[in-house]
Novice: 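One structure, as structure tokens, below. Some questions next.
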Number of protein chains: 4
Amino acid sequence: MIIQLDMQSDVPIYTQLMNQIIEGIARGDLKLGEALPSVRGLASDIGVNLHTVNKAYNLLKQEGFIQIHRQKGVVIQPDAMPLVTPEYELKQHNQLRPIIAEAICRGMTKEQLLQVTEQIHKEIMHNEKGNA
Amino acid sequence: MIIQLDMQSDVPIYTQLMNQIIEGIARGDLKLGEALPSVRGLASDIGVNLHTVNKAYNLLKQEGFIQIHRQKGVVIQPDAMPLVTPEYELKQHNQLRPIIAEAICRGMTKEQLLQVTEQIHKEIMHNEKGNA
Amino acid sequence: MIIQLDMQSDVPIYTQLMNQIIEGIARGDLKLGEALPSVRGLASDIGVNLHTVNKAYNLLKQEGFIQIHRQKGVVIQPDAMPLVTPEYELKQHNQLRPIIAEAICRGMTKEQLLQVTEQIHKEIMHNEKGNA
Amino acid sequence: MIIQLDMQSDVPIYTQLMNQIIEGIARGDLKLGEALPSVRGLASDIGVNLHTVNKAYNLLKQEGFIQIHRQKGVVIQPDAMPLVTPEYELKQHNQLRPIIAEAICRGMTKEQLLQVTEQIHKEIMHNEKGNA
DNA sequence: GTGGTCTAGACCACT
DNA sequence: GTGGTCTAGACCACT
């Protein structure tokens, strides 16, 4: 999978990394149980410090997206993705709310908003290679 | 309008302030041309640093949501809200994408995602006092 | 509160730090809502790197023992300590089991084991200064 | 005796192995003088590295739980288990202390703590096949 | 070779 | 002044 980072962005690199990996899973580029590059391997590939990759991996592990084995390395969670918990619903709500509020201010209709959402959903699922 | 801040959150206070004001406009609590409290007034009202309110106001001005006059003070943009520019569309896209990707990972269907979006849209518009 | 670290121990420093703070709360030396030293302050006080303190603080925050405010600094969770969750019970069980098994091997009776437990409990609660 | 390893756990495998064998002795599944599988045999049985089994066996030997003979192979210490030495008491104390401190923080009473200890003791002794 | 821990040091965001 | 992020580099534990 190709990781694309924007070093100018004010989104922390480790967050961008997490997002890229999560999207990789969503679109099926990364299959459940599939191996990810080692911390040092990925770090040197994308030209960032090992600790930055480590932080991203550890947070993904905490949230249940990946497993880290001390010797075998890192794999996408083989059993099942984390589910929609109440905590997640709250987090998602808090993330979406200001985005939707701004859209309303700027005159987007509900229909336009839903269309954008659907469009992004399609973009992600489009290259989908089938993730169980 | 009542400002609700979460001092525990890791969302910067100035960002929360911006979000609250933008949502206030979206729901019609804040009308076009309406006066906002002075920097000092708001800061002491909600118990935050002067610089924090200042930063929020300045960013809102930059984005075109408010006007700041030396004499008249701060008012919601009287003429018209900023519109849906290509830059805004890009920003919105970049904000929504990782949220939608995570939702897909966790097994939310497109329909559930649209429902959540519609639900939040309704929440914001509900207390609407008419600025459509 | 005095922090005592054993630099020779194979228990990671950040874990020792966590343990010391948790025991400080247990014995009432650290009251709910009380301020803890800043990351850098504590690091220089006890002669370890800032990142080591940071890791301990962040894990304690994750588990709900402390709150971290970006500017105000670090405080013991003011509202209430984390409770006995099923996850915690499992963790505790897994920690205690091998300890108890070894004690049995070495010929300790159940009574002796309970006595040791009670003794340590008393040691911790002894200097207790009253924690709500 | 059945060895149960958790490859996901961050407890090192050699430690898990040691714990399982010690618990096997505690519960009487492994009798004094009883033969243990060879390093190679056990390693291939449970699918772990030779060195891992070796490390576990060597540490168990150091602590006096097993004997390793060039010819006869590995046996549970035939004469008597290691006893409660001052060093062991110190180690046990250091292991139990942070566990008990956290339990106190989370609001467990002394009685609940003793109950958990007793419960685990019973779990281990229950399948006991007599080596009291 | 893998991740884990720790250090030293820098710059940034926030208030 | 506070914590957050990132780098460069080292040694260790585990297999």
Side-chain angles (χ1 to χ4, degrees), chain A residues 5 7 9-17 35-44 46-59 61 66-75, chain B residues 5 7 9-17 43 46-56 59, chain C residues 5 7 9-17 35-44 46-59 61 66-75, chain D residues 5 7 9-17 43 46-56 59:
Chain A
L5 298 179
M7 305 308 278
S9 165
D10 54 357
V11 178
I13 297 174
Y14 74 86
T15 305
Q16 293 185 49
L17 252 172
L36 285 175
S38 74
V39 172
R40 282 163 174 78
L42 183 53
S44 87
I46 60 183
V48 302
N49 190 279
L50 132 196
H51 289 112
T52 306
V53 176
N54 210 268
K55 181 162 191 176
Y57 274 0
N58 270 299
L59 288 167
K61 172 188 159 199
I66 67 175
Q67 286 184 351
I68 302 179
H69 300 87
R70 260 186 262 193
Q71 278 69 36
K72 287 189 292 176
V74 181
V75 297
Chain B
L5 299 177
M7 305 306 280
S9 164
D10 52 359
V11 178
I13 294 173
Y14 79 86
T15 305
Q16 292 185 49
L17 250 173
I46 58 182
V48 303
N49 195 294
L50 248 161
H51 300 317
T52 308
V53 177
N54 218 284
K55 179 159 191 176
L59 286 166
Chain C
L5 298 178
M7 305 306 280
S9 165
D10 54 356
V11 178
I13 296 174
Y14 75 85
T15 305
Q16 293 185 49
L17 252 172
L36 285 175
S38 75
V39 172
R40 283 163 175 78
L42 182 53
S44 86
I46 59 182
V48 302
N49 190 279
L50 133 195
H51 288 113
T52 306
V53 176
N54 210 269
K55 180 162 191 175
Y57 275 0
N58 270 300
L59 288 167
K61 172 189 157 198
I66 68 175
Q67 286 184 352
I68 302 179
H69 300 88
R70 261 187 261 191
Q71 278 68 35
K72 288 190 292 176
V74 182
V75 296
Chain D
L5 299 178
M7 304 306 280
S9 163
D10 52 359
V11 178
I13 294 173
Y14 78 87
T15 304
Q16 293 186 49
L17 251 173
I46 59 183
V48 303
N49 195 295
L50 247 161
H51 300 317
T52 307
V53 176
N54 219 283
K55 179 159 193 177
L59 286 167

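Just so it is clear, the model here is predicted, and its values are computed rather than measured. All values below come from the heavy atoms of this structure, side chains included, with hydrogens, waters and symmetry mates left out. Letters A, B, ... are given to chains in the order of the sequence lines, protein chains preceding strands, and every chain is numbered from 1.
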Novice: E:dT7, OP1 or OP2 - any side-chain N/O from C:Thr52 closer than 4.0 Å?
Specialist: yes
Novice: Using whole Å, report how far CD of A:Gln67 lies from P of E:dG3.
Specialist: 14 Å
Novice: For F:dT5 and A:Tyr14 - does any side-chain N or O of the residue sit under 4.0 Å from the phosphate oxygens OP1/OP2?
Specialist: yes
Novice: Hey, which of these two, A:Met7 or C:Gly41, hits DNA chain F nearer its 5' end, going by closest nucleotide?
Specialist: C:Gly41
Novice: Give a yes or no answer on whether the side chain of C:Asn54 reaches the backbone of C:Leu50 with a donor-acceptor pair at less than 3.5 Å.
Specialist: no
Novice: Taking for each residue the nucleotide of DNA chain F bearing the nearest heavy atom, is the 5' side occupied by A:Val11 or by C:Lys72?
Specialist: C:Lys72
Novice: Roughly how many Å is it from CG in A:Asn54 to C1' in F:dG9, rounded to a whole number?
Specialist: 15 Å
Novice: Go through E:dC11, E:dG1, E:dG4 for me and flag the one nearest to the A:Gln71 side chain.
Specialist: E:dG1
Novice: Ignoring backbone atoms, establish whether D:Lys55 has a side-chain N or O less than 4.0 Å from OP1 or OP2 of F:dC14.
Specialist: yes
Novice: To the nearest Å, give me how far apart NE2 (A:His69) and P (E:dT2) are.
Specialist: 15 Å
Novice: A:Met7 and A:Val48: which non-hydrogen atoms are nearest, and at how many Å?
Specialist: CE-CG1, 4.2 Å
Novice: Between C:Ile13 (CD1) and E:dC6 (P), how many Å, whole number?
Specialist: 5 Å
Novice: Give the rounded distance in Å between these two atoms: CG of C:Asp10 and C1' of F:dC14.
Specialist: 14 Å
Novice: Closest nucleotide of DNA chain E for A:Leu50 versus for A:Gly73: which of these residues is on the 5' side?
Specialist: A:Gly73
Novice: Would you kindly give the CG-to-C1' distance between B:Leu5 and E:dC14, to the nearest whole Å?
Specialist: 14 Å
Novice: Rounding to a whole Å, what distance do you find between A:Ile46:CD1 and F:dT7:P?
Specialist: 9 Å
Novice: Evaluate whether atom NE2 of B:His51 has more than 12 neighbouring non-hydrogen atoms of other residues, nucleotides or ligands under 6.0 angstrom away.
Specialist: no
Novice: When you measure only distances, ignoring hydrogens and angles, does the side chain of C:Arg40 come within 3.5 Å of the base of F:dG3 through a donor and an acceptor?
Specialist: yes
Novice: Locate the shortest heavy-atom distance separating C:Tyr14 from C:Thr52; write the atom from each residue and the value.
Specialist: CB-O, 3.7 Å
Novice: Pairing check on E:dT2: which nucleotide meets the Watson-Crick or G-U wobble criteria with it, both distances under 3.5 Å?
Specialist: F:dA13
Novice: B:Ile46 vs B:Leu17, test: side chain to side chain contact (heavy atoms under 4.5 Å, CB included). Steps then yes/no.
Specialist: CA-CA 10 Å; B:Ile46 58 182; B:Leu17 250 173; 4.0 Å; yes
Novice: For C:Asn49 and F:dG9, what is the distance between atoms CG and C1' respectively, to the nearest whole Å?
Specialist: 13 Å
Novice: Between the base of F:dG3 and the side chain of C:His51, is one N or O donor paired with an acceptor at under 3.5 angstrom?
Specialist: no
Novice: Name the nucleic acid region contacted by A:Val48, choosing base, sugar-phosphate or nothing; use a 4.0 angstrom heavy-atom cut-off, strictly under.
Specialist: sugar-phosphate
Novice: Go nucleotide by nucleotide along DNA chain E from the 5' end; which of A:Val39 and C:Pro12 gets its closest nucleotide reached first?
Specialist: A:Val39
